[in-house]
Colleague: 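Here's a structure for you.
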There are 2 protein chains.
Amino acid sequence: MYVTSRDERRHRSETAILAAARELFAEVGFERATIRAVAAQANVDPALVMQHFGNKEALFAAATQWPGEHQRILDATPDSLAAAALDDLLAHFEEADDRGGAVALMRSCLTHPTAMQVMRDQVMCERQAAVAGKLTGEDAELRAGLFAACMVGLGMARYLIRLEPVASASQEDLHRLMEPVLKALTE
Amino acid sequence: MYVTSRDERRHRSETAILAAARELFAEVGFERATIRAVAAQANVDPALVMQHFGNKEALFAAATQWPGEHQRILDATPDSLAAAALDDLLAHFEEADDRGGAVALMRSCLTHPTAMQVMRDQVMCERQAAVAGKLTGEDAELRAGLFAACMVGLGMARYLIRLEPVASASQEDLHRLMEPVLKALTE
DNA sequence: GTCTATATCTTGATAGAC
DNA sequence: GTCTATCAAGATATAGAC
């Protein structure tokens, strides 16, 4: 009498491995997170990790997908851009189901080639483009780029470097203090 | 008839190794920069690198010292804080003799334990404290921390991730667009 | 001071038993 | 599907000749 079919067990292993990988990649980055450590944390055999994902790069890619579209920004009016972008950031890092994946991507985005490419092309460039689309006047692209840079700086300080008191500040305080900052770039 | 004494040759090797190390650490980070590659780039034997610096950590520490004090910020008036901090950043990354060392530190500050500690304690915290000392009113520390976060974001986007058009913007444009941004935090 | 040779360790990845 | 055993490659670091 089997309570777990083969497919169920496979799926269970896979999610356990993915969760462990996200956590380790987020903590120590791509290079220092070993397949063995991921397997140990997921309570499976190291060879099983390879069986499921093929190689470490593929595991990393599966574990670090950026949560996605900048819908909040695209829906915003020029005046609500700053608030929308902040909501976007906070949602990705503090509310998303796979929020560890966002930290994992950022953790390695300075030292891992494909992580850097994803970070630049899919995160920063897209955000920059979404913002630039709402701007009028001179230097729209550059202002949008600086906007994206400030957002990245905030994310790094709060979630990666954990600089205090930025790391423990309330979402309300961040909105209150950062919105005027970002609005200096959008108007 | 010796034109190079032992001390001279030693000094010459050491500076060549340091320059090569700075360059490689800046390019690919601590993990992916191997002693062998550093030695090859400096045209010396790998064992010589060990002889001079003992181990890879010590080499990294020697190659990545942050250029130093935030004198410009400490000398600034509250009103010139933003301009002073920008000058400080631009000087560290575009004019300092060992400017590669600043990139090297930043490159690894998310994945290397001591690089992260240096970045947080000696770069961000000090900058935050220097800024906070000039601020009055509510949330001085948090505002100074967000100030430091924006500066880090700008540095990462411009020098590490090379997001365009931020990476190629002129110093004048950066001052013109970023000063109002930072001033939203200092007044 | 510099280099050759190598010890030692750790990694990602594979082969095959069960 | 899972695990045991192992490989091959690459790393840091060391010992000793010159």
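In what follows, chains are A, B, ... by sequence order, proteins preceding strands, each numbered from 1.
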Colleague: Can you tell me if A/Ser13 touches the phosphate of D/dT2, counting only side-chain N or O atoms and a distance under 4.0 Å to OP1 or OP2?
Modeller: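 Indeed, a polar side-chain atom of A/Ser13 lies that close.
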
Colleague: From A/Met116 CE over to A/Ser108 OG, what is the distance, rounded to the nearest 0.5 angstrom?
Modeller: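 Here the rounded value is 10.5 Å.
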
Colleague: Parallel, tilted or perpendicular: which fits the ring planes of B/Phe30 and B/Phe25, with parallel below 30° and perpendicular above 60°?
Modeller: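 If you compare the ring of B/Phe30 with that of B/Phe25, the planes turn out parallel.
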
Colleague: Could you check how far CZ of B/Phe53 sits from P of C/dG1, rounded to whole Å?
Modeller: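 Between P of C/dG1 and CZ of B/Phe53: 15 Å.
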
Colleague: Can you tell me which residue among B/Val131, B/Leu185, B/Leu182 is in a side chain to side chain contact (heavy atoms under 4.5 Å, CB included) with B/Leu81?
Modeller: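 Between B/Leu81 and the candidates, side chain to side chain contact (heavy atoms under 4.5 Å, CB included) is satisfied uniquely by B/Val131.
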
Colleague: A/His112 and A/Glu57: side-chain donor and acceptor closer than 3.5 Å?
Modeller: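 Yes - a donor-acceptor pair under 3.5 Å links their side chains.
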
Colleague: Could you tell me whether the phosphate oxygens of C/dT2, OP1 or OP2, come under 4.0 Å of any side-chain nitrogen or oxygen in B/His52?
Modeller: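 Result: yes.
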
Colleague: Got a sec, which residues hit side chain to side chain donor-acceptor pair (under 3.5 Å) with B/His52, two or more places apart in sequence or on another chain?
Modeller: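 In terms of side chain to side chain donor-acceptor pair (under 3.5 Å), with neighbours along the sequence ignored, B/His52 is linked to B/Glu14.
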
Colleague: Quickly work out the A/Glu14 CD to D/dG1 C1' distance and round it to whole Å.
Modeller: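 Atom-to-atom, A/Glu14 to D/dG1, this comes out as 13 Å.
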
Colleague: Evaluate A/Leu110 against B/Ile161 for side chain to side chain contact (heavy atoms under 4.5 Å, CB included), listing each step before the verdict.
Modeller: CA-CA 7 Å; A/Leu110 300 181; B/Ile161 300 178; 4.1 Å; yes

Colleague: Which letters describe nucleotides 3-18 of chain D, given B = protein heavy atom under 4.0 Å from base, S = only from sugar-phosphate, - = neither?
Modeller: SB------BBSB----

